Amino acid sequence: MPELPEVETVRGQLEPLLVGARIIDGDSHPSGKFNQAPDAVGHSIEAVRRRGKYLLVDLLPDRGGRRELIVHLGMTGGLHVVPSPDDDPYQRARWGLDDGRHLVFRDIRRFGRIAVVAHGDHRSLPTLHQLGPEPFDPGLDAAGFHARLVRSNRRIKTHLLSQRPIAGVGNIYADEALWRACIHPGARRVGLERSGRLLDALRSVLTEALAHNGTTLRDFRTVDGATGSNQHRLDCYGRSGQPCGRCGSALTSRSLDQRTSTWCPTCQAR
DNA sequence: CGGGGTTCCTGGCCGC
DNA sequence: TGCGGCCAGGAACCCC
């Protein structure tokens, strides 16, 4: 599932392909999750940015104010630039570019989302509107992260997945970072020292995943159709029953707040 | 307004 | 071989 490293991998590949192109036509699947895609027609692409798991495409219109094309990849979404579209049944949106190429959004399970809004107006996307700071924001330190973590009494992992303490962390990298920081996913009170450890763990886990073009469990593909390779480096996620790489205990798995979590019962004791 | 429950989706996998 | 049932899960959405 695309989280920060996967989305950033896509952003980095997409930007040089798209900047300067003009969108001349578009169509979409009728679902309300995708049917704003054609609203980007008539705009030129200025930049491709990212906030958390959201791709933000800055649009310069022929006339009127600046707009923004927002794409969330959901579980199985992918963006590809192709010379001509085929009859892919999982294509959910397509934008024709002025040089004849097409930007295509394909998403098997339709958990993704597309919006076209006035530039910077994120009110229609509550999670983006209330998104926490980027993990690599140099202004974010242990004290600041701790202050955001203690705003909620929910389980630490549930809080991380809400995107409010920090942006871009999903189930895979939450499990990985909590394992690395030796924090139980169900912990509710995390002090300053553990907050600092968790921030460091998040940064290292995300940096390493980005260096390997993200994690492909099944569906994730980069813009050119390649898989990531970080799946071979996971210490915790999806490894229930296998030995912990630190202490050898069998990793355990359980559903917390309707989300599967895996952790080491020894290293990550309550 | 925070938090809890529900919903959207389909392919892969398991057991019979 | 075929098929019903279950699972994966981000974020919008509704409600208290």
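Please read all numbers here as calculations on a predicted model, not as lab measurements. Labels below follow one simple rule: chain letters A, B, ... track the order of the sequence lines, proteins then strands, and each chain is numbered from 1. FYI, side chains are in, hydrogens and waters are out, and symmetry mates aren't considered; it's all heavy atoms of this structure.
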- Item | Nearest-neighbour nucleotide for the H72(A) side chain, dG10(C), dG2(B), dC9(B) considered | dG10(C)
- Task: May I ask you to verify if any side-chain N or O of R113(A) is less than 4.0 angstrom from the OP1 or OP2 atom of dC8(B)?
- Result: no
- Considering just the side-chain nitrogens and oxygens of T260(A), establish if one lies under 4.0 Å of OP1 or OP2 belonging to dA8(C). yes
- Item | Side-chain N,O (Q163(A)) to OP1/OP2 (dA11(C)) below 4.0 Å | yes
- Message: Can you identify which nucleotide, out of dA12(C), dG9(C), dG4(B), has its nearest atom closest to the P126(A) side chain?
- Response: dA12(C)
- Message: Counting only side-chain nitrogens and oxygens, does K53(A) get under 4.0 Å of the OP1 or OP2 atom of dA11(C)?
- Response: yes
- May I ask you to verify whether the side chain of R259(A) and the base of dG10(C) hold a donor-acceptor pair under 3.5 Å? yes
- Note on the structure: Winner on side-chain proximity to Y54(A), out of dA8(C), dA11(C), dC8(B), is dA11(C)
- Query: Is the aromatic ring of F111(A) within stacking range of dA11(C), meaning centres under 5.5 angstrom and planes under 30 degrees?
  - Reply: no
- R218(A) has a side chain; which of dA12(C), dG12(B), dG9(C) sits nearest to it? dG12(B)
- Is any side-chain nitrogen or oxygen of R110(A) closer than 4.0 Å to OP1 or OP2 of dT10(B)? yes
- Item | Q130(A) side chain, from C-beta outward: closest of dA11(C), dG9(C), dG2(B) | dG2(B)
- Does Y237(A) have a side-chain nitrogen or oxygen under 4.0 Å from the phosphate oxygens OP1 or OP2 of dG9(C)? yes
- Message: Taking the six-membered ring of F111(A) as reference, does the cationic atom of R109(A) (NZ for Lys, CZ for Arg) lie under 6.0 Å from its centre and within 45° of its axis?
- Response: yes
- Query: In whole angstroms, how far is the P atom of dG10(C) from the CG atom of L217(A)?
  - Reply: 11 Å
